[in-house]
Amino acid sequence: GSVTVFAAASLKEAMDGVTQAFEAESGHDVVVSLAGSSALARQIEYGAPADVFLSANVAWMDHLAAKGRIDPATRAYLLGNDLVLVGPKGAEPLGQVAIGEDVLTLLGRGRLAMALVDAVPAGQYGKAALQELGVWDELRASVAQVDNVRAALALVARGEVPLGIVYATDAAASEDVAIVGVFSDGVHPEIVYPVAGVVGRDSQARNAFLTFLSSEVARRIFEAKGFDVIAEPSE
Amino acid sequence: MSLSVAVKQVTQAFALDVAFEAPRGVTVLFGASGSGKTSLVNAVAGLSRPKEARIAVEDWVLQDSKAGVWLPPHKRQLGYVFQEGRLFPHLTVRQNLAYGQWFARTRAGDISLDRVVDMLGIGALLDRRPSGLSGGEKQRVAIGRALLAKPKMILADEPLAALDEARKAEILPYFERLRDEVNIPVLYVSHSMAEVARLATTVVALEQGRVSRVGPAAEVLGDPGFTPTGVRAVGAVLEARVAQHHEDGLTELDAAGIALFLPQLAQHVGQPVRVRIAAHDVILSREEPKGLSALNIMQGHVSEVRAGAGPGAIVSVVTPAGPVLARVTRRSATALGLAEGVPVWAVVKTVSVAPQDIGGR
Amino acid sequence: MSLSVAVKQVTQAFALDVAFEAPRGVTVLFGASGSGKTSLVNAVAGLSRPKEARIAVEDWVLQDSKAGVWLPPHKRQLGYVFQEGRLFPHLTVRQNLAYGQWFARTRAGDISLDRVVDMLGIGALLDRRPSGLSGGEKQRVAIGRALLAKPKMILADEPLAALDEARKAEILPYFERLRDEVNIPVLYVSHSMAEVARLATTVVALEQGRVSRVGPAAEVLGDPGFTPTGVRAVGAVLEARVAQHHEDGLTELDAAGIALFLPQLAQHVGQPVRVRIAAHDVILSREEPKGLSALNIMQGHVSEVRAGAGPGAIVSVVTPAGPVLARVTRRSATALGLAEGVPVWAVVKTVSVAPQDIGGR
Amino acid sequence: MMGWLGPEEWSAVALSLKVALWATIWALGPGIFVAYALARWEFPGKQVVNGLVHLPLILPPVATGYLLLIGFGTQGVLGRWLAEIGIVFAFRWTGAALAAAVMAFPLLVRAVRLSIEAVDPKLEQAAGTLGASKLWVFGTVTLPLILPGVLAGAVLAFAKAMGEFGATITFVSNIPGQTRTLPSAIYSFLQVPGGEDAALRLVAVSVFVAMAALILSEVIARRVAKRVGGV
Amino acid sequence: MMGWLGPEEWSAVALSLKVALWATIWALGPGIFVAYALARWEFPGKQVVNGLVHLPLILPPVATGYLLLIGFGTQGVLGRWLAEIGIVFAFRWTGAALAAAVMAFPLLVRAVRLSIEAVDPKLEQAAGTLGASKLWVFGTVTLPLILPGVLAGAVLAFAKAMGEFGATITFVSNIPGQTRTLPSAIYSFLQVPGGEDAALRLVAVSVFVAMAALILSEVIARRVAKRVGGV
Ligand SMILES: Nc1ncnc2c1ncn2[C@@H]1O[C@H](COP(=O)(O)OP(=O)(O)OP(=O)(O)O)[C@@H](O)[C@H]1O
Ligand SMILES: Nc1ncnc2c1ncn2[C@@H]1O[C@H](COP(=O)(O)OP(=O)(O)OP(=O)(O)O)[C@@H](O)[C@H]1O
Ligand code: MOO
Ligand SMILES: [Mg+2]
Ligand SMILES: [Mg+2]
C-alpha cells in the first residue's frame with residue numbers, strides 16, 4: 001500500500017531519512033507533502049487525501065481534532081525540539097540563555113531574525129521566550145520576521161543579521177551558523193510535534209507507518225537531525 | 001420607388017435631416033465636404049442607428065424606427081465601398097476579395113472573382129497584402145470586395161477619389177453596368193460633376209445636412225440654376241439612340257432627329273444613350289456656321305438668358321433634341337443680341353462631348 | 001537647379017530608378033496609380049533611405065549616398081502633406097496645426113495661424129479632434145499643418161484628392177502663392193491634369209518607377225504626344241500678360257499682341273499669367289468666323305496634323321501667341337482640308353479657358 | 001541534462017510543464033471572452049467583473065489559494081458539487097493547473113484587452129457590411145488582428161503559471177508527482193540549508209523553459225506582425 | 001472603518017500604499033524605456049533583455065526575493081556598494097518597494113510594449129517631417145497615444161505591488177511599520193487557526209484599494225480614449 005504524509009516543512013531532512021527507511025523495511029510507498037503546518041492543516045480540513053499529519057505545533061492539531069478530522073486514538077506527541085539563538089559561523093558561544101540582557105548586548109544595533117512571531121510556531125515560541133526574559137518590548141522593533149524559520153536561518157547564514165532564533169534542528173542543519181545560546185526550557189512553552197492519522201484513512205500501511213515513527217530506527221534518524229523523540233517507543 | 005430614405009439624426013456637432021425617394025438606378029449623393037454624405041451612407045449601411053429613420057430598398061426595409069425595425073449591417077446585404085478602403089490587413093488581396101463571397105454563396109448572382117480581378121486590373125496584386133499597396137490599388141481592391149458580396153445595393157463613398165483618370169475611366173463603366181446590366185441599385189457619393197453626369201439616375205444634392213435639390217439627373221443637371229460646384233459644372237443631358245457606327249471611328253447618334261457625332265461607342269445600334277453637353281462646351285452662333293471643325297451643330301431658339309454674378313450668362317436653347325445650355329460672356333450675349341425667342345445655332349465639338357459624360361442605359 | 005533628385009531603390013516588389021533636375025517652382029510628379037510617386041516623395045522626405053541617392057534642394061543636400069550624407073526627416077525642414085492626412089488623433093485641430101510651429105520658431109517666414117485657418121476654411125474646426133472630421137476637413141488641416149512648419153520645400157502627395165471642386169479651387173491658389181510669393185519650392189504629386197497645368201513649373205512623369213518625361217510644364221503639356229491620362233488632357237499653355245480689366249467682368253490678356261478675354265483675374269495689369277487651352281476646347285475654322293459667341297479667335301496656320309488611334313487627330317496651329325493644339329475628328333480634318341501650312345482660325349470660348357487652367361507667375 | 005537532475009526533479013519539471021500548459025489553455029478561451037467583453041461592451045457590473053478578474057493579482061497568493069481551497073476543495077462549496085459530476089481539482093495536478101490559471105488570468109485578460117482596444121472598429125464594420133455576423137467578424141477579423149496580443153498574453157500566462165507557487169501549495173499542497181511543481185521544489189530546496197545549489201539548478205530549468213516560450217512567442221509574433229502590417 | 005482595523009493594521013495599510021505607489025513610480029520610467037526598446041529597436045541581446053525582464057514572473061517569488069537579498073542585502077554585491085553611497089534597501093520600506101517594483105516590472109513592460117506596438121509609425125513619421133526629433137516625437141506623439149496602455153500597466157503594477165508577498169518578506173522580512181505590508185499581515189493571520197476573519201478584513205481592504213485604483217484607471221483611460229479616438 002501507499003501512505004500519504006503531510007508533514008511540517010521543518011521536518012524535511014528528517015522525513016527524507018525516515019520514509020526511506022520505512023519503505024525499505026515495509027515495502028510500502030510513502031508520499032510526503034511538505035508545507036507550512038497551517039497550509040497542511042487547512043488542506044486536511046478541506047478534505048486533502050492525507051493519511052498522516054505531522055504538525056509543527058499543537059494548535060493546528062487541536063484545530064483538526066475539534067473539526068473531527070483526525071483519529072483521536074492515533075494522536076501522539078512525537079518529537080521535541082529546542083529553541084536556540086544563532087549567529088554567523090564563528091560567533092562566540094554563550095551557553096544557556098537565561099537572561100535577556102545577553103541577547104540585547106549581543107544584538108547591538110543589528111536585527112534579530114525570527115519566523116513570524118504571531119503566525120509561525122518557531123516565531124511564537126521565540127516571542128514567548130523573549131517576553132519571559134523581559135526584553136520583548138525593547139526588541140520588538142528590531143525583529144526581522146520572515147515567513148518561516150528556515151528563512152530566518154538564511155538571514156543569519158548570509159550575515160545579514162547578527163542573531164536569529166531558530167530550532168536546534170535548524171542550527172544543526174546549517175554549516176554557516178553557530179549556536180550562540182540555547183533557551184532554557186522554562187522560558188517558552190514546550191516545543192512538541194504532534195502526529196495523528198486522518199479520519200477515514202485507516203489502513204494497514206498507515207498504521208504501520210505510525211508505528212514506525214516511534215521505532216528505534218526512526219528514533220535514531222530523528223535524533224541524528226537534532227530532535228528529541230518523546231513518544232513512547234513502540235515494540 | 002426603389003430607394004426610400006428618411007433620416008433624422010441630430011448630434012451636437014452636426015444635424016442630418018434628409019428625406020428622398022429615388023427610382024432604380026444610380027442615386028448620386030452630391031455635396032461639399034462636410035455636408036453629411038458619409039453620415040447618410042453610414043445610416044443606410046446600418047453603421048449608425050439614427051433615432052428617427054425609415055430606409056428601404058424596394059420592399060427590403062432596412063430600418064423603420066416607427067415599426068421598431070432595424071437590421072444590423074450584416075443582414076442588410078449591401079456592398080459598401082468605403083472612402084478609405086478599409087481592407088483587412090491580415091488577409092491577402094485575394095482573401096480580402098473573397099471575404100464576402102462566403103456570406104453571399106446562397107444568393108443569386110453570377111459575378112466571379114476572375115471577372116472582377118480582370119475589370120479592376122488587380123491580377124498582379126492577388127497574393128500581396130494591403131499594406132504594400134498604393135492608394136489607388138487599395139481602393140480598387142475595396143471595390144472588388146464589395147462587388148463580390150453580391151449585394152442588393154452598392155454603397156460607394158467617393159470610391160474613385162484616389163484613382164487616376166485612366167483608372168477612373170476604366171472603373172466607371174462598371175458602375176454603369178451595375179446599374180444597367182446587373183440592375184443593382186447604387187447609392188454613390190461623389191464630388192465630381194463628371195461622375196454625377198455619367199452615372200446618376202437621380203441626383204440628391206446635400207447642403208449642411210439637408211437635401212437642397214433632388215430629382216432625375218437630366219432635370220437637375222439641365223437646370224441652369226443648379227451650380228453646386230461652380231459654373232463649370234452646368235450642362236444639359238440629352239437622350240439619344242445609337243444610329244450608326246461609321247468607319248472612321250465615329251458613332252452617329254440620333255437625338256430626336258438630330259445627328260450627333262461622337263467617338264466610337266460600345267453600344268449597339270438602336271441602344272439608348274445619354275449625352276451630357278457641358279454649357280461651357282457650347283458656342284452659339286447667329287449665322288449658320290460654315291467651315292468649322294465642329295461636327296455637331298443644332299438649330300434652335302433661345303428660351304432664356306440668365307445673367308450670372310460674374311461676366312457670364314447661361315443661355316438655354318430649345319432644340320429638337322431637347323434643351324441645351326450654353327455659357328457665354330455677357331459681352332457676347334449683348335453683341336449677338338441673344339434674347340428669348342431669337343433663333344441660334346448651338347455648336348458643340350464632337351470631341352468636347354467627353355467620354356465621362358456619356359452613359360449608356 | 002533648385003531640386004535635384006537621383007534615387008535608385010530596388011525592392012522585390014518594386015524598382016524605383018529616377019533622376020531629374022527641376023528649377024524653382026512647383027515640380028509635379030505625375031503618373032498612374034502604383035507608378036512610384038509616393039515612394040519617391042518618401043525618399044525625398046527621408047522616410048525611406050534608398051541605398052543610392054542624391055537629393056538636394058538648392059544647396060541643401062538632403063542625401064548624398066556617395067558622400068555618406070543622410071539627413072533624418074526632422075532635420076530636412078520639409079512640409080509633407082500626406083496622401084492620407086495623418087493627423088495626430090490626440091491633439092485638437094488647433095494643436096495639430098501648431099505642432100510644427102515650435103520647431104520652426106527660429107526660422108524666417110511670416111505665415112500665421114490665422115492666415116492659414118482663413119485660407120483653408122477650418123476656423124470652425126479648431127477645437128475639434130481629427131476623428132470627428134470628414135475626409136476633406138482632415139486633408140485641409142493636414143495642409144495647414146505642413147504650411148505652418150515654415151518648410152524649405154513643400155511635399156504634397158495628392159493633397160486635394162479628397163476635396164470637392166469648390167475646396168480645390170480655393171486651395172489651389174495657395175499652392176500657387178507658395179510658388180510665386182513665398183517662393184517655396186513644391187514637389188507635388190497629382191493625377192489631375194488640371195492641377196498639373198495650373199501649378200507645374202516642371203512636370204516629371206513617372207511610369208513604373210521610371211521617369212518617362214520631364215521638362216518645363218509648357219513644353220511637356222504642349223506636346224501633342226504627351227497624353228498620359230488620355231486625349232482629354234492634351235492642351236497647350238500660352239504665356240500672356242494682363243492688359244486690361246474691363247467693366248463687364250472680363251479681363252483682357254495680351255498674348256504676344258493677340259487679345260484673349262477671360263473672366264476677371266486677380267492679377268494686376270502688367271502681370272504675367274499662364275493660360276492653358278485644352279485641345280478639346282479649340283474649334284478650327286477655315287473661314288474667319290462671324291456672329292459667334294466665342295470671344296477668342298486667333299489666326300494662324302497648321303504646323304502639324306497628327307492622327308491618333310481613334311477617330312480623332314491633334315492639329316498643331318502656330319499663332320502669334322504661341323502654339324495652340326486643337327483636337328478635331330479626322331472626318332473634320334479631311335473635310336476642312338487641314339494640312340501643314342494651311343491657314344486657319346482657332347476659336348476658343350472665353351469661358352472654356354477654365355479657372356483651374358490659369359496660373360499666375 | 002538527464003544526469004543533472006534527479007528523477008524527482010524531472011517529474012517536477014514535467015509536471016510544471018503540464019500544469020502551465022493546461023493552465024494557459026484553460027485560461028485562453030475565458031480570457032479572450034472576458035477581455036472582449038471589457039473592451040467592447042457596456043454592461044452593468046462591468047467594474048465588478050473587472051475587479052474580480054484582477055483579484056488574484058491583488059491578493060497575496062496564499063489568500064487566493066485559501067479561497068480556492070474553500071471553493072474547490074472536496075469539502076468546498078463548488079468542489080462538492082463538481083465532484084458529483086466527476087470533476088475533481090483538489091490535490092490533483094488539475095488543481096495545480098486551476099490555481100495557475102486563476103493566477104495567470106488577469107495577465108492574460110489585460111494583454112488581450114489592450115490589443116482588442118487597438119483594433120480599428122472600422123475594419124470590423126467593414127466586415128459587417130460584407131455579411132459577417134458579430135461572431136464571424138470576431139473570428140475572421142478581430143481574432144487574427146489580436147493574435148500577437150493573445151500570443152503575448154498566453155506566454156505571459158504560461159510564464160506566470162510556471163512560476164506560481166503560493167496559491168498552488170496552499171490549494172493543492174506539495175505532493176510529489178501530483179502537485180509538486182518546480183516552484184514548490186525550488187521552495188523546498190531553499191528551505192534546506194545548503195540547498196541553494198539544487199534550487200539554482202531548478203531555477204535554471206525554469207528560466208530555460210520560460211525563455212524558450214518567450215523567444216518562440218517573439219518569433220511567432222514577428223511573423224504574424226509581418227503578415228499583418230508589414231512587407 | 002477606523003475602529004474596524006487596529007492601529008498595527010492601519011500602519012500596514014498605509015505602508016502598503018506607500019510601497020506600492022513608489023514601486024509603481026520607480027518602475028514606470030525604466031518600464032517605458034525598456035518597452036520602447038523592445039517594441040521599436042533591434043539590438044543584439046534583445047532576447048536576453050526580454051528574458052531578464054520576465055524573470056520575476058517565471059521564478060517563485062521566494063527565489064526572486066532570495067536573489068534580491070544576494071544582490072542588494074547589506075552583504076550583497078550591489079548592496080555593499082550602494083550602502084557606501086548611502087542607499088540602503090535592506091530591512092527598509094525602500095527594499096519592500098524595490099521588491100514590489102521588480103515583481104511588477106514585467107507586467108508594466110508588457111502592457112506598455114503592446115500599446116507602443118499599436119501606435120501607427122506613420123504618425124511618428126509625420127511628426128518627424130514636421131521637425132520633431134525622435135525624442136520629441138516620443139514625448140508629443142507616442143507617449144500621449146500610449147497613455148491608456150501606460151495607465152493600464154501602471155495600475156497593474158500597482159495592484160501587483162499591493163499583493164506582493166513572497167519576494168518582499170524574503171528580501172526585507174516583516175518589520176512592523178517598516179516592511180510589514182498588507183500581504184504579510186494577511187499571511188500571518190492565515191497561519192493561525194481561527195485567523196481567517198482577521199485575514200478577511202485585510203483582504204477586504206486590499207481589494208478595496210486595488211479596486212479603487214482600477215476603477216480610477218478605467219475612468220481616466222476612458223477619458224483619454226475619448227480624447228484620442230472618439231467623439
Ligand atoms: N464622429 C463624429 N463626431 C462629430 N462630428 C462628426 C463625426 N463624424 C462626422 N462629423 C461631422 O459631420 C459632418 C458631416 O460629415 P461627413 O463625414 O458625413 O461629411 P461628408 O459629406 O462625407 O464630407 P467629405 O466629402 O469630406 O467626406 C461634418 O461636419 C463632420 O465634421
Ligand atoms: N511597403 C511596400 N511593400 C511592397 N511594395 C510596396 C510598398 N510600398 C509601395 N509598394 C509598391 O510600390 C509601387 C509604388 O507605390 P507608390 O505608393 O509609390 O505608388 P503611387 O504612384 O504613389 O500610387 P498612388 O497614386 O496609387 O498613390 C506599387 O506597386 C506598390 O504596390
Ligand atoms: O515547520 Mo513550520 O510550520 O514552517 O514551523
Ligand atoms: Mg465623406
Ligand atoms: Mg501614392
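Here is the naming used below: chain letters follow the sequence lines, and residue numbers restart at 1 for every chain.
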Discussion item. Need one label for A:Val117: side chain, backbone, both or neither, based on atoms under 4.5 Å from any heavy atom in chain E.
Written reply: neither
Worksheet entry | A:Arg75 with A:Asp71: basic N within carboxylate O range, under 4.0 Å | no
Worksheet item: Taking the side chain as C-beta and beyond, is there a heavy-atom pair between A:Glu132 and A:Phe183 under 4.5 Å?
Response: no
Worksheet entry | Donor-acceptor side-chain pairing of E:Asn174 and E:Thr179 below 3.5 angstrom | no
Worksheet item: Based on non-hydrogen pairs under 4.5 Å, which of E:Ser188, E:Pro193, E:Ser173 is most in contact with chain A?
Response: E:Pro193
Fill in: Residue selection (most heavy-atom pairs with chain E, distance under 4.5 Å) from A:His63, A:Gln124, A:Arg111
A:Arg111
Worksheet entry | Cationic N near anionic O, under 4.0 Å, A:Arg150 to A:Glu13 | yes
Worksheet entry | Among the listed options A:Leu116, A:Asn57, A:Asp62, the residue most often paired with chain E at heavy-atom distances under 4.5 Å | A:Leu116
Fill in: Region of A:Ala151 in contact with chain E, defined by heavy-atom distances below 4.5 Å
neither
Discussion item. Looking at A:Thr4, is its backbone amide N or carbonyl O close enough to the side chain of A:Asp51 to form a donor-acceptor pair, meaning the two atoms are under 3.5 Å apart?
Written reply: yes
Practice prompt. Output, in order, the C-alpha distance, side-chain angles, deciding distance and verdict of ring pair (Phe, Tyr, Trp, His ring centres under 6.0 Å) for A:Tyr77 and A:Tyr193.
Written response: CA-CA 6 Å; A:Tyr77 293 114; A:Tyr193 291 67; over 10 Å; no
Worksheet entry | Heavy-atom proximity to chain E below 4.5 Å, by part of A:Val146 | both
Item to complete: Using a cut-off of under 4.5 Å on heavy-atom pairs, state which of E:Ile169, E:Thr170, E:Ile70, E:Val172 scores highest against chain A.
Response: E:Ile169
Worksheet entry | Option in A:Gly159, A:Ala66, A:Ala154, A:Ala119 with maximal non-hydrogen atom pairs under 4.5 Å from chain E | A:Ala119
Discussion item. So which residue, E:Tyr66, E:Phe91, E:Phe165, ends up with the most heavy-atom pairs under 4.5 Å with chain A?
Written reply: E:Phe91
Worksheet item: Is E:Lys46 salt-bridged to E:Glu42, going by a charged N under 4.0 Å from an acidic O?
Response: yes
Fill in: Side chain, backbone, both or neither of A:Ala141 within contact of chain E (heavy atoms, under 4.5 Å)
backbone
